[in-house]
Undergrad: 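This is the structure I have questions about; it appears just below.
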Amino acid sequence: MLRTMTLATLLGATALPAFADVNVYSYRQPELIQPLVDGFTEETGIAVNVAFLNKGMVERLKAEGDRSPADVILTTDISRLVELVDAGVTQPVESDVLAEKIPANLRADDNQWFALTTRARVVYASKERVEEGALTTYEDLTDPKWEGRICTRSGTHPYNVALAAAYLVHNGPEETKEWLEGVKANLAQKPQGNDRAQVKSIWAGECDISLGNTYYMGKMLADPEQTEWANSVRIVFSTFENGGTHVNVSGVALTKAAPNHDEAVQFVEYLASDAAQAIYAEAVSEYPVDPAVEASDLVQSWGSFTPDDISLTDLAAARSDALKLIQEVDFDG
Ligand code: FE
């Protein structure tokens with residue numbers, strides 16, 4: 001920033017110079033972001049600085065206000081994208097490239113956020129102890145035959161809140177509460193650990209089915225310590241009885257301050273390009289949003305599915321009510 005401003009002053013430039021960097025705040029992992037950043041810099045000559053955050057992005061952007069150095073926000077989960085928009089720290093991007101590459105249901109109507117990948121939240125089932133076809137819907141999780149056989153991470157984790165929010169959009173509050181109680185009644189143990197820990201529990205014989213995001217299968221297979229866990233389960237693309245398989249997104253937004261606006265828009269457009277979408281597909285086993293770019297061979301080997309058709313905006317709006325229901329039934333208790 002300092003270098004840029006000094007040079008701009010020296011040159012008497014009124015606009016930012018062409019060699020401005022793009023600054024990114026990211027909730028996504030460095031290993032994922034690096035190949036994307038390298039690809040963009042190679043293509044454009046524009047450097048990208050990434051600050052990785054674990055939490056507090058909204059607070060930080062609010063505190064920095066107009067003087068924020070950040071141009072671009074990268075995160076997972078529709079709830080986090082909507083939270084940023086609601087906090088007023090983003091701005092719309094009007095871009096023909098993005099409108100062409102990203103299907104309308106995977107970007108905000110007002111262009112305040114754009115999904116870059118999708119991931120499904122599915123059932124992982126023991127190959128040994130769960131027959132093919134024994135479970136096909138999220139509703140099936142309440143069947144008494146699964147009593148003491150289900151493992152999951154905390155009900156209040158954003159991934160499970162989003163799933164419950166989708167259930168709520170489909171079925172309303174009473175049925176959602178019943179469903180949460182039914183799933184809780186079938187748990188083998190109190191919710192704990194992450195999605196991969198549940199698959200480890202299946203492998204260890206502590207439970208037979210779990211909830212997890214699809215890309216964790218790829219992560220487990222890539223980790224020698226976890227390959228056995230992955231090989232003990234198969235992915236079941238569970239659906240809602242009156243819908244499809246629950247999906248969430250990772251996505252991007254432009255900050256309200258965006259000091260390097262034009263370069264930042266270029267970067268966002270790059271993330272939707274075929275090259276970047278292919279990096280996402282291969283590096284993190286997620287589904288590209290651009291229908292023209294295929295999922296990786298590994299991901300395709302898990303099978304195909306029909307994504308649930310509720311709008312992400314409706315899903316995000318139902319989140320706080322879903323969380324209340326999860327707390328009401330004391331899901332983690
Ligand atoms: Fe995750």
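Worth knowing before you read on, the calculation uses all heavy atoms, side chains too, and leaves out hydrogens, waters and symmetry mates.
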Undergrad: Is the backbone N or O of E94 less than 3.5 Å from a side-chain atom of N111, with the two atoms forming a donor-acceptor pair by type?
TA: no
Undergrad: Taking all atoms of both residues into account, what is the closest heavy-atom pair of L312 and V247, and its distance?
TA: CD2-O, 4.2 Å
Undergrad: Do V293 and V299 sit in one hydrophobic cluster, given that two such residues count as connected whenever their side-chain heavy atoms are within less than 4.5 Å of each other, even indirectly?
TA: no
Undergrad: Answer yes or no: is there a donor N or O on one side and an acceptor on the other, between the side chain of D208 and the main chain of S126, under 3.5 Å?
TA: no
Undergrad: Are the side chains of W113 and L84 in touch, meaning some heavy atoms are under 4.5 Å apart?
TA: no
Undergrad: Would you say that V161 contacts I326 through its side chain, given a criterion of any heavy-atom pair below 4.5 Å between the two side chains?
TA: yes
Undergrad: Okay, side chain of N186, backbone of L141: is any donor-acceptor separation there less than 3.5 Å?
TA: yes
Undergrad: Determine whether a donor-acceptor pair (N or O, by modelled atom type, separation under 3.5 Å) exists between the side chain of S285 and the backbone of A281.
TA: no
Undergrad: Does a side-chain heavy-atom distance below 4.5 Å link T245 with Y138?
TA: yes
Undergrad: Please say whether more than 12 non-hydrogen atoms of neighbouring residues, nucleotides or ligands are located less than 6.0 Å from CG in N242.
TA: yes
Undergrad: Whether the T137 and D140 side chains hold a donor-acceptor pair (N or O, under 3.5 Å, no angle test) is what I'd like checked.
TA: yes
Undergrad: Between K184 and D330 (side chain of the first, backbone of the second, donor and acceptor by atom type, cut-off under 3.5 Å), is there such a pair?
TA: yes
Undergrad: Tell me, yes or no, whether the heavy-atom count around D96 atom CG, taken from other residues, nucleotides or ligands under 6.0 Å, exceeds 12.
TA: no
Undergrad: Do the side chains of L116 and V85 join up, straight or via other hydrophobic residues, at under 4.5 Å, putting them in one cluster?
TA: yes
Undergrad: Main chain of T76, side chain of R80: is a donor-acceptor contact present, judged purely on distance under 3.5 Å?
TA: yes
Undergrad: Measuring from Y124:OH to I235:CD1, what's the distance to the nearest 0.5 Å?
TA: 4.0 Å
Undergrad: Just checking, is any N or O donor in the side chain of T313 or D109 under 3.5 Å from an acceptor N or O on the other one?
TA: no
Undergrad: So, does Q277 use its side chain to make a donor-acceptor pair with the main chain of L271 at under 3.5 Å?
TA: yes
Undergrad: Run the side-chain contact (heavy atoms from CB on, under 4.5 Å) test on R107 and V289 for me, step by step, so that the C-alpha distance in whole Å, both residues' side-chain angles and the decisive distance to 0.1 Å come before the verdict.
TA: CA-CA 10 Å; R107 49 188 155 87; V289 283; over 6 Å; no
Undergrad: Do W179 and L187 sit in one hydrophobic cluster, given that two such residues count as connected whenever their side-chain heavy atoms are within less than 4.5 Å of each other, even indirectly?
TA: yes
Undergrad: Other residues, nucleotides and ligands only: do more than 12 of their heavy atoms fall within 6.0 Å of NZ on K127?
TA: yes
Undergrad: So which heavy atom on T142 is nearest to which on V183, and how close?
TA: CG2-N, 3.8 Å
Undergrad: With a 4.5 Å limit on heavy-atom distance, are the side chains of D38 and P35 in contact?
TA: no
Undergrad: Would you say S201's side chain and A197's backbone share a donor-acceptor pair under 3.5 angstrom?
TA: yes
Undergrad: Indicate, with yes or no, if I102 and V268 share a hydrophobic cluster defined by side-chain heavy-atom contacts under 4.5 Å among Ile, Leu, Val, Met, Phe, Trp and Tyr.
TA: yes
Undergrad: What distance do T176 atom OG1 and D321 atom CG have between them, rounded to the nearest 0.5 Å?
TA: 10.0 Å
Undergrad: Should we count CD of E328 as having more than 12 external heavy atoms under 6.0 Å?
TA: yes
Undergrad: Which of these passes salt bridge (Lys or Arg N to Asp or Glu O under 4.0 Å) with D195: K219, R121, R119?
TA: R121
Undergrad: D308 vs H170, test: side-chain contact (heavy atoms from CB on, under 4.5 Å). Steps then yes/no.
TA: CA-CA 10 Å; D308 195 27; H170 277 293; 2.7 Å; yes
Undergrad: Taking CD in Q189 as the centre, count heavy atoms belonging to other residues, nucleotides or ligands within less than 6.0 Å. Is the count above 12?
TA: yes
Undergrad: Describe, in one word, how the ring planes of Y287 and F305 are oriented to each other, choosing from parallel (under 30°), tilted (30 to 60°) and perpendicular (over 60°).
TA: perpendicular
Undergrad: Run the salt bridge (charged side-chain N to carboxylate O under 4.0 Å, His left out) test on K101 and D274 for me, step by step, so that the C-alpha distance in whole Å, both residues' side-chain angles and the decisive distance to 0.1 Å come before the verdict.
TA: CA-CA 9 Å; K101 291 280 185 189; D274 289 3; 2.8 Å; yes
Undergrad: Within this structure, what is the OG1-CG distance for the pair T117 and D290, rounded to the nearest 0.5 Å?
TA: 12.5 Å
Undergrad: In the single-linkage hydrophobic clustering (I, L, V, M, F, W, Y; side-chain heavy atoms under 4.5 Å), do I310 and V249 co-cluster?
TA: yes
Undergrad: Without swapping roles, check the side chain of D71 against the backbone of N23 for a donor-acceptor pair under 3.5 Å.
TA: yes
Undergrad: Below 30° counts as parallel, above 60° as perpendicular, anything between as tilted: where do the rings of H246 and F240 land?
TA: perpendicular
Undergrad: Hey, what do you get for CG (L74) to CD1 (I33), rounding to the nearest 0.5 Å?
TA: 5.0 Å
Undergrad: Under a 3.5 Å cutoff, is there a donor and acceptor pairing between the side chains of S210 and Q198?
TA: no
Undergrad: State, to 0.1 Å, how close R28 and F52 come at their nearest heavy-atom pair, and which atoms those are.
TA: O-CD2, 3.1 Å
Undergrad: What is the distance from atom OG1 of T152 to atom CG of N160, rounded to the nearest 0.5 Å?
TA: 4.0 Å
Undergrad: Does Y215 form a side-chain contact (heavy atoms from CB on, under 4.5 Å) with S250? I'd like the steps, not just the answer.
TA: CA-CA 12 Å; Y215 54 86; S250 78; over 6 Å; no
Undergrad: State whether the number of non-hydrogen atoms from other residues, nucleotides or ligands found under 6.0 Å of K55 atom NZ is greater than 12.
TA: no
Undergrad: For Q300, is the CD atom crowded, meaning more than 12 foreign heavy atoms sit under 6.0 Å from it?
TA: yes
Undergrad: Could you give the distance from CG (N194) to NE2 (H157), rounded to the nearest 0.5 Å?
TA: 8.5 Å
